[in-house]
Enquirer: 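I have a structure here, written as structure tokens, and I will follow up with some questions on it.
Below, read A as the first sequence line, B as the second, and so on, with proteins coming before strands; counting in each chain starts at 1. Nothing here was measured: the structure is a model prediction, and the numbers come from that model. Only heavy atoms go into these numbers, but all of them, side chains included; no hydrogens, no water, no symmetry mates.
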2 protein chains.
Amino acid sequence: MRERILDVALELFNAQGYDATSLREIAERLGVTKAALYYHFKSKGDILLELHLRLHDLGGDLLAELDALPDDQVVVAWPGLVDRFIDSVMANRELFLLHQRNRRAFEQIADDPRHHQANEDVEERFRRLLGSEAIPLAARVRMVCSVGAVFIGLMDPDALFGDEPKERIAELVRETVHELF
Amino acid sequence: MRERILDVALELFNAQGYDATSLREIAERLGVTKAALYYHFKSKGDILLELHLRLHDLGGDLLAELDALPDDQVVVAWPGLVDRFIDSVMANRELFLLHQRNRRAFEQIADDPRHHQANEDVEERFRRLLGSEAIPLAARVRMVCSVGAVFIGLMDPDALFGDEPKERIAELVRETVHELF
DNA sequence: GTCTATATTTCGATAGAC
DNA sequence: GTCTATCGAAATATAGAC
């Protein structure tokens with residue numbers, strides 16, 4: 001049940017936004033009542049947090065590799081990492097979409113102890129990397145731009161490119177980003 | 001007063017999100033009461049709509065040029081248009097930020113008659129352009145990627161690049177995007 | 001043009017029966 | 001594990017005085 005709740009919540013949060021989605025809607029879609037949700041999650045924010053932590057796990061693996069690299073090798077390793085990032089986005093599009101479209105909601109749950117557990121927030125580490133003065137500013141800007149290109153290109157390909165196969169789009173985005181390095 | 005309401009609303013919508021910002025907060029910041037806002041705007045959504053229409057005007061000018069071009073010249077004209085787009089984003093960052101971070105809220109407003117007035121929605125026209133089969137898919141993907149690069153690179157430069165001057169960042173984004181064409 | 005006061009709705013959350 | 005019933009808070013919106 002817990003899993004079904006997360007599935008429906010993810011879908012509705014993406015379709016309507018986190019704030020605009022009530023627990024009543026989620027419960028109705030599942031054919032249960034609002035109170036039933038409180039057996040599985042102690043609050044609405046807890047549902048969002050659970051979804052957020054799954055994204056953590058995805059991003060954490062990639063960032064662990066980045067952290068292991070000395071600063072002067074980050075740039076040369078970047079294209080390879082972007083490839084893996086593209087794979088990850090393709091395989092978990094809804095989770096990434098949730099994060100992109102509900103950034104503010106995530107900010108409000110950032111204080112939760114479960115969120116600041118062993119390692120710090122993925123986004124924070126990424127931000128520090130992009131602020132590192134050991135990497136030339138021009139390279140950092142390109143890194144940021146490549147992330148933006150991947151996000152906008154792959155996040156909702158149906159809306160932009162109709163029924164073009166997603167894999168085709170992903171390959172073209174890959175080529176585009178590689179040209180920057 | 002109407003203008004001051006829009007200023008405060010824009011600021012709060014960006015800082016906390018549209019849904020999470022109440023009319024009470026806006027009124028308190030202005031030193032007036034909630035009810036006073038209803039004299040100037042007939043609803044909360046009306047405030048958002050007004051802000052949206054201003055973005056319309058900005059994007060409409062650029063798209064008018066695109067519409068005037070035959071399909072086979074869109075790609076060659078693109079780099080120049082992106083330059084102007086970058087200028088527009090830099091000069092109206094808060095408005096663009098609002099649109100990017102509150103897409104869902106805007107969707108709920110899309111049915112308003114004032115929104116579907118003379119010409120159709122800017123975003124819709126942009127989407128159709130990117131769906132046009134007269135332009136090679138590879139070029140369309142690059143166009144989309146360039147927009148993503150501009151958005152993520154310029155939308156919140158302080159958070160990403162610290163106190164690096166915004167103009168410097170804008171120039172680097174410009175160079176990055178030009179390399180794709 | 002701004003106020004007070006209030007209507008109305010909806011939400012997140014809890015208590016307790018089954 | 002799910003239900004009914006309900007609470008309290010906060011939100012949008014309205015009515016009418018000044």
Enquirer: Looking at D72(A), I want to see if its CG is surrounded by more than 12 non-hydrogen atoms of other residues, nucleotides or ligands under 6.0 Å.
Expert: yes
Enquirer: Round to a whole Å and report the spacing from CD of E25(A) to C1' of dC11(C).
Expert: 11 Å
Enquirer: Using nucleotides 2-6 of chain D, report all nitrogen or oxygen pairs with the protein that are shorter than 3.5 Å.
Expert:
from	atom 1	to	atom 2	distance (Å)
dT2(D)	OP2	H40(A)	NE2	3.0
dC3(D)	OP2	T33(A)	N	2.6
dC3(D)	OP2	T33(A)	OG1	3.0

Enquirer: Report the distance from atom CG of D19(B) to atom P of dA10(D), rounded to the nearest whole Å.
Expert: 17 Å
Enquirer: Nearest-Å distance, NZ (K44(B)) to P (dT8(C))?
Expert: 22 Å
Enquirer: Spell out, as yes or no, whether a donor-acceptor pair under 3.5 Å connects the side chain of R93(A) to the backbone of M155(A).
Expert: no
Enquirer: How about R103(A) and E123(A): do any of their side-chain heavy atoms sit closer than 4.5 Å?
Expert: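 A side-chain contact exists here, since the closest heavy-atom pair is under 4.5 Å.
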Enquirer: Taking five pairs at each end, how big is the angle between the two axes of the helix from dG1(C)-dC18(D) to dC18(C)-dG1(D), to 10°?
Expert: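 Answer for the end axes of this duplex: 10°.
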Enquirer: Say whether, by atom type as modelled, one donor and one acceptor occur between the side chain of R140(A) and the main chain of L130(A) under 3.5 angstrom.
Expert: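 Yes; at least one donor-acceptor contact below 3.5 Å.
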Enquirer: Within 45° of the axis and under 6.0 Å from the centre of the six-membered ring of F161(B), does NZ or CZ of K166(B) qualify?
Expert: no
Enquirer: With a 4.5 Å cut-off on side-chain heavy atoms, are R4(B) and M1(B) touching?
Expert: yes
Enquirer: Would you indicate, yes or no, if dA11(D) has its OP1 or OP2 atom less than 4.0 angstrom from a side-chain nitrogen or oxygen of S22(B)?
Expert: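 For S22(B), the contact criterion (side-chain N or O under 4.0 Å from OP1 or OP2 of dA11(D)) is met.
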Enquirer: Within this structure, what is the CZ-to-C1' distance between R24(B) and dT4(C), rounded to whole angstrom?
Expert: 17 Å
Enquirer: Rounded off to whole Å, could you give me the CG-to-C1' distance for the L37(A) and dG1(D) pair?
Expert: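 Roughly 12 Å, once rounded to whole Å.
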Enquirer: Could you tell me whether K44(B) sits above the aromatic face of Y38(B), with NZ or CZ closer than 6.0 angstrom to the six-membered ring centre and within 45 degrees of the axis?
Expert: no
Enquirer: Just how far, in rounded Å, is P of dT12(D) from CG of L23(B)?
Expert: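 Interatomic distance, CG of L23(B) to P of dT12(D): 4 Å.
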Enquirer: Please state how far atom CZ in F41(B) lies from atom C1' in dA13(D), giving the value in whole angstrom units.
Expert: 16 Å
Enquirer: I want to check something: taking the side chain as every heavy atom from C-beta on, are N92(B) and L55(B) in contact at a cut-off of under 4.5 Å?
Expert: no
Enquirer: Between L66(A) and W78(A), is there a side-chain heavy-atom distance shorter than 4.5 Å?
Expert: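 A side-chain contact under 4.5 Å exists here.
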Enquirer: For E28(A) and dT10(C), what is the distance between atoms CD and P respectively, to the nearest whole Å?
Expert: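 To the nearest whole Å, that distance equals 12 Å.
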